[in-house]
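Not measured: the values here are computed from a predicted model. Quick note on labels: first sequence line is chain A, next is B, and so on, each numbered from 1.
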Number of protein chains: 2
Amino acid sequence: MRLSRYRNAIIRLKALNFVRVFSDNLADAASVTAAQVRKDFSIFGIMGHRRGGYQVDDLLGQLSKILGKDKFQDIILVGVGNIGKALLHYPGFEKSGIRLVAGFDIDPAKYVADANIPILPLEKMHEYILTNDIKIGIIAVPDYASQQVLEMMKSAGIKGVLNFAPITLRESSDFVINNINLVTELENIIYFVKAADSARGK
Amino acid sequence: MRLSRYRNAIIRLKALNFVRVFSDNLADAASVTAAQVRKDFSIFGIMGHRRGGYQVDDLLGQLSKILGKDKFQDIILVGVGNIGKALLHYPGFEKSGIRLVAGFDIDPAKYVADANIPILPLEKMHEYILTNDIKIGIIAVPDYASQQVLEMMKSAGIKGVLNFAPITLRESSDFVINNINLVTELENIIYFVKAADSARGK
DNA sequence: TAGATTGTTAATCGATTAACAATC
DNA sequence: TAGATTGTTAATCGATTAACAATC
């Protein structure tokens, strides 16, 4: 799914006063090929003008619509530890139309009911999700707790999560899971750096 | 690169007292197919025993070696903001043999020279990398600074980075970059949840 | 019109899966 | 030996790229 990437590229190009772009420009800006841009767009029914490329504003509008950027997306966070706290204050979400509206934890020491983004007891999550019609969540709890938290979220009606627990949670057909394992990401880098090193005869 | 995943799976299986495993067990534990496990292993020269599967200890040893887990990997962090601070105290790295040895920032208010993990001025980075022979780094600076930080790291001899800045830094042939864009990850989830919603007739 | 760019089809590439001979 | 599992080859699948007719 490269649409987010195209959207970011378009925003940058718009900032440079581009009024229209060609698949070629977008390819450069998004680090893909021009053919890929045109193919992806055609899959999503985004049509340009032969010879005229794509109108920046029009394109931005269509991409934003597809990505749900036409309204704020409210999400919740479970696990207000190390990573959780950082996400709570990450300014990039708000900037992109994503609103982290509440955090949940089992540790009473973490509770802050009256904060800008309240930290609430995990027991309150189910009700909160229903009341506020939340569909997306972030899991930032220790590995041993993640599966259980996932089940709680599912049962309350959450439909997709971003998971930072170092366990690959499996997606099911009507539920989306995106796993980010910080250690694995680094291990991959370490592996490739090592491999490049040996290849050079180190 | 699924080797990290296999390694994690093996560690879990070992905890369950498995002494040997079949490609089938590993496939289940790592959420891949048995054929994929065997294929991946054969690419890396990991051989099992026909009819006997793979010895857990032997397999763990080989995977650890390939992934550089036989010794601690020292890495540095640039950008001690929101995300940076969380990574600085993330216990998962140390547990996995990854040692975050220093942080760097341009903001003097962030400096803590005598901490367990010192936070140093960015100007000191070049020297630090050379002196300590660091090969891997994490970038957690704002987008506008990321490219410049990357160049600084490259010029000092860093060979791979994990990048949290919301800009897709391009890899070159002898340099590995792994981009994690938190907003994009969430946007993808939002998109798929929306798509599933409409598919069900909203 | 001549030239340039799209949208799409066909060709290519790479990764996954199936299948099975080798063999313990 | 009979049965089970590997290692690998061949078949399948999906995604990327090339190419070009359509057309503005």
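Using a 4.0 Å cut-off between charged side-chain N and carboxylate O, B:Asp74 and B:Arg99 make a salt bridge. Here B:Lys14 pairs with B:Asp57 in a salt bridge; the nearest charged N to carboxylate O distance falls below 4.0 Å.
Counting any heavy atom pair closer than 4.0 Å across all strands shown, A:Phe41 reaches no nucleic acid atom. Within 4.0 Å of B:Arg20, counting heavy atoms only, lies no atom of the nucleic acid at all.
Only one option out of B:Arg5, B:Arg7, B:Arg2 pairs with B:Asp40 in a salt bridge (charged side-chain N to carboxylate O under 4.0 Å, His left out); it is B:Arg2. Shown are A:Thr168, A:Asn178, A:Asn179; of these, the side chain to side chain donor-acceptor pair (under 3.5 Å) with A:Asn163 is made only by A:Asn179.
A 4.5 Å side-chain heavy-atom check between B:Glu151 and B:Lys154 finds at least one atom pair inside the cut-off.
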Problem set entry | Base-pair map of DNA chain C as dot-bracket, where | denotes pairing with a different strand and pairs are Watson-Crick or G-U under 3.5 Å | ..||||||||||||||||||||||
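Cation-pi geometry between A:Lys159 and A:Phe175 is not satisfied (NZ or CZ under 6.0 Å from the ring centre, within 45° of the ring normal).
A residue-by-residue look at A:Arg51 and A:Ile46 shows that A:Arg51 has its nearest nucleotide of DNA chain C further toward the 5' end. Two residues, A:Arg50 and A:Ala35, neighbour DNA chain D, and the one matched to the more 5' nucleotide by heavy-atom proximity is A:Ala35.
Counting 5' to 3', DNA chain D first comes under 4.0 angstrom of a heavy atom of chain B and last does so at the ends given by D:dG3 to D:dA10.
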For this session: Take A:Phe41 and A:Tyr54 through the test ring pair (Phe, Tyr, Trp, His ring centres under 6.0 Å) and record every step on the way to the result.
Result: CA-CA 10 Å; A:Phe41 283 0; A:Tyr54 305 83; 5.2 Å; yes
Problem set entry | Step-by-step side chain to side chain contact (heavy atoms under 4.5 Å, CB included) determination, A:Ile75 to A:Val101 | CA-CA 6 Å; A:Ile75 65 172; A:Val101 291; over 6 Å; no
